[in-house]
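One structure is given below, encoded as structure tokens.
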Amino acid sequence: MRRILPAFGLALLSPLVAEFLLGDFPLTSLHFLVLLAPTYGGAALLIREVARRAGIGWPGIVLMSLAYGVFEEGIMTMSLFNPNYAGQRLLDPGFVPALGIGVPWTLFVLALHTVWSMSVPIALTEELTGARRTTPWLGKIGLTVTAVLAVLGAALTTVFSYMNGHFLASVPQLVAIVVIVVALVVLAFRLPRRTNVHRAAEAPAPWLVLVVTLVAGVLFEAPNVLLGDQVGLGITLLAGVEVGMTALALFWSARRGWDGRHRMALAGGALLTYVWHAFFSGPVVPATPLINLVSHIVFGLGALVLLAFAVRRVAADANVPQSR
């Protein structure tokens with residue numbers, strides 16, 4: 001049970017963060033977890049288990065999470081190429097005819113999956129497990145079952161998405177997605193392994209990491225909430241925040257003293273971004289304003305409670321040496 005519980009928790013937490021905390025689904029749609037858990041949860045658990053077995057650490061986890069995002073939005077839902085996905089004309093701003101994509105939507109949705117759908121749930125669940133943070137949770141049978149469920153979930157999502165929109169991307173577009181996904185996974189395994197040798201400089205205080213992450217979350221959401229038709233500024237903000245936070249995370253994590261408190265500051269800042277963002281979004285399924293508001297409050301409080309437990313756990317383990 002000690003091995004299964006973290007795996008089961010991650011399988012549920014990933015879709016809860018990705019779709020429910022985001023605000024896409026209200027409390028009345030919790031039964032969708034049965035369909036979403038194999039897709040999101042299966043992928044998150046598979047990425048985490050493969051990364052920890054291979055010892056590739058967080059750079060590898062993030063790259064494989066990005067690969068998942070490319071695969072979901074490029075093949076499973078094809079929202080990267082569908083000009084009228086969900087009837088929202090998401091590709092109109094910053095559309096690039098040669099690629100068939102809208103730059104703002106591509107930058108935005110791939111970051112959603114990389115950070116929130118995969119990386120944040122993995123980080124939270126790992127920190128809650130304490131000493132077993134970097135060890136595999138599943139045996140060969142569990143890993144096989146997870147892979148099968150993830151594939152089935154992806155297949156069902158693809159079929160469901162096509163039946164809803166009857167859109168099919170072109171063959172060159174689909175081939176390009178497969179090539180990009182494979183390249184990202186290969187890169188995840190080929191990156192130089194980071195050692196435990198710390199630089200002389202100290203890691204920043206965890207509260208500073210949290211504040212910077214929260215500010216980055218506001219800037220990341222700004223193109224959708226504040227900027228309207230200013231596409232160029234929106235693209236600049238999105239790209240700047242994504243590149244800037246990636247660089248900061250790599251730079252900070254190589255410093256002396258980087259530990260679970262800092263990892264939780266990053267994950268917690270991202271989680272809190274979804275908490276406030278949900279109140280500015282509407283569900284993708286029918287729901288009354290009251291149900292929508294109650295759902296945001298309940299899911300937001302749930303996120304705060306989970307974050308509090310994780311912070312308490314890493315605070316207790318702060319003096320125990322941990323690998324990255």
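Just so it is clear, the structure is predicted and the values come from calculations on it, not from any experiment.
- By the neighbour-count criterion of 12 heavy atoms within 6.0 Å, atom CZ of F309 is sparsely surrounded, having that number or fewer from other residues, nucleotides or ligands.
- Nearest heavy atoms, A249 versus L266: CB-CD1, 4.3 Å.
- In this structure a side-chain-to-backbone donor-acceptor pair under 3.5 Å is present from T125 to P121.
- Scanning all heavy atoms of the two residues, the minimum distance from T246 to E242 falls at OG1-O, 2.7 Å.
- The closest side-chain heavy-atom distance from R89 to P83 is below 4.5 Å.
- Between L10 and I122 the shortest heavy-atom distance is CD1-N, 3.7 Å.
- L304 is connected to V211 through a chain of hydrophobic side-chain contacts under 4.5 Å among Ile, Leu, Val, Met, Phe, Trp and Tyr, so both are in one cluster.
- Under a hydrophobic-cluster definition in which Ile, Leu, Val, Met, Phe, Trp and Tyr are linked whenever side-chain heavy atoms come within less than 4.5 Å, directly or via other members, L30 and Y274 are assigned to the same cluster.
- The hydrophobic cluster containing V314 also contains V305, counting ILVMFWY residues as joined when their side-chain heavy atoms lie under 4.5 angstrom apart, directly or transitively.
- Here the shortest heavy-atom pairing between V70 and L110 reads N-CD2, 3.6 Å.
- Atoms CE and CG, on M245 and L219 in that order, are 10.5 Å from each other to the nearest 0.5 Å.
- By the neighbour-count criterion of 12 heavy atoms within 6.0 Å, atom CZ of R53 is densely surrounded, having more than that number from other residues, nucleotides or ligands.
- S14 places no side-chain N or O within 3.5 Å of a backbone atom of A11 that could act as its donor or acceptor partner.
- With respect to L80, the side chain to side chain contact (heavy atoms under 4.5 Å, CB included) criterion is satisfied by exactly one of I177, I75, L91, L90: I177.
- Here the side chains of I56 and I61 are not in contact, with every heavy-atom distance at 4.5 Å or above.
- Once rounded to the nearest 0.5 Å, the distance linking OH of Y68 with OG of S65 reads 10.0 Å.
- Classification of E126 and R48 as a salt-bridged pair holds, one side-chain N sitting under 4.0 Å from a carboxylate O.
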Where do V285 and F32 land on the side chain to side chain contact (heavy atoms under 4.5 Å, CB included) test, with the steps shown first?
CA-CA 11 Å; V285 296; F32 286 160; 4.1 Å; yes
Under the side chain to side chain contact (heavy atoms under 4.5 Å, CB included) rule, what do F20 and L36 come out as? Steps first, then yes or no, please.
CA-CA 11 Å; F20 292 88; L36 295 172; 3.9 Å; yes
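- Looking at W252 and W258, their side chains come closer than 4.5 Å, going by heavy atoms from C-beta outward.
- Both F189 and M118 are members of a single hydrophobic cluster when ILVMFWY side chains are connected at heavy-atom separations under 4.5 Å.
- For the pair R313 and E127, the minimum side-chain heavy-atom distance is 4.5 Å or more.
- Taking the six-membered ring for Trp and thresholds of 30 and 60 degrees, F108 and F220 have nearly parallel ring planes, at less than 30 degrees apart.
- Of the possible polar contacts, one joining the E49 side chain to the L138 backbone as a donor-acceptor pair under 3.5 Å is found.
- With values rounded to the nearest 0.5 angstrom, R132 atom CZ is found 5.0 Å from T135 atom OG1.
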Check against side chain to side chain contact (heavy atoms under 4.5 Å, CB included), W58 and R263
CA-CA 10 Å; W58 269 105; R263 290 188 295 269; 4.2 Å; yes
Hey, mind stepping through I4 and W137 against side chain to side chain contact (heavy atoms under 4.5 Å, CB included) and telling me if it holds?
CA-CA 7 Å; I4 295 175; W137 297 333; over 6 Å; no
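- Judged by distance alone, the side chains of W105 and S79 do bring a donor and an acceptor atom under 3.5 Å apart.
- Between T273 and G217, the shortest heavy-atom contact is OG1-CA, 3.6 Å.
- When the shell of 6.0 Å around CZ of F279 is examined, it contains more than 12 heavy atoms from other residues, nucleotides or ligands.
- The two residues L124 and A310 come nearest to each other via the heavy atoms CD2-CB, 4.3 Å.
- At least one side-chain heavy atom of L306 sits less than 4.5 Å from a side-chain heavy atom of L13.
- Atoms CD1 and CG, on I47 and L66 in that order, are 10.0 Å from each other to the nearest 0.5 Å.
- With hydrogens and angles ignored, the 3.5 Å screen pairs no side-chain donor or acceptor of H296 with any backbone N or O of G23.
- Taken to the nearest 0.5 Å, the CZ atom of F160 stands 8.5 Å off from the CE atom of M163.
- Placement of I180 and V109 within a single hydrophobic cluster is found when ILVMFWY residues are connected by side-chain heavy-atom separations under 4.5 Å, directly or transitively.
- Between the side chains of S170 and Q173, a donor-acceptor pair is found at a separation under 3.5 Å.
- Residue V294 is tested with I291, I297, L290 for a side chain to side chain contact (heavy atoms under 4.5 Å, CB included); the sole match is L290.
- With hydrogens and angles ignored, the 3.5 Å screen pairs a side-chain donor or acceptor of R255 with a backbone N or O of E202.
- Using a 4.5 Å cut-off on side-chain heavy atoms (C-beta onward), M76 and S161 make no contact.
- A side-chain N or O of T157 and one of T39 form a donor-acceptor pair less than 3.5 Å apart.
- Considering only heavy atoms from C-beta on, Y85 stays 4.5 Å or farther from F167 through its side chain.
- For the pair T158 and Y162, the minimum side-chain heavy-atom distance is 4.5 Å or more.
- Between the OG1 atom in T77 and the CZ atom in F71 there is a gap of 10.5 Å [rounded to 0.5 Å].
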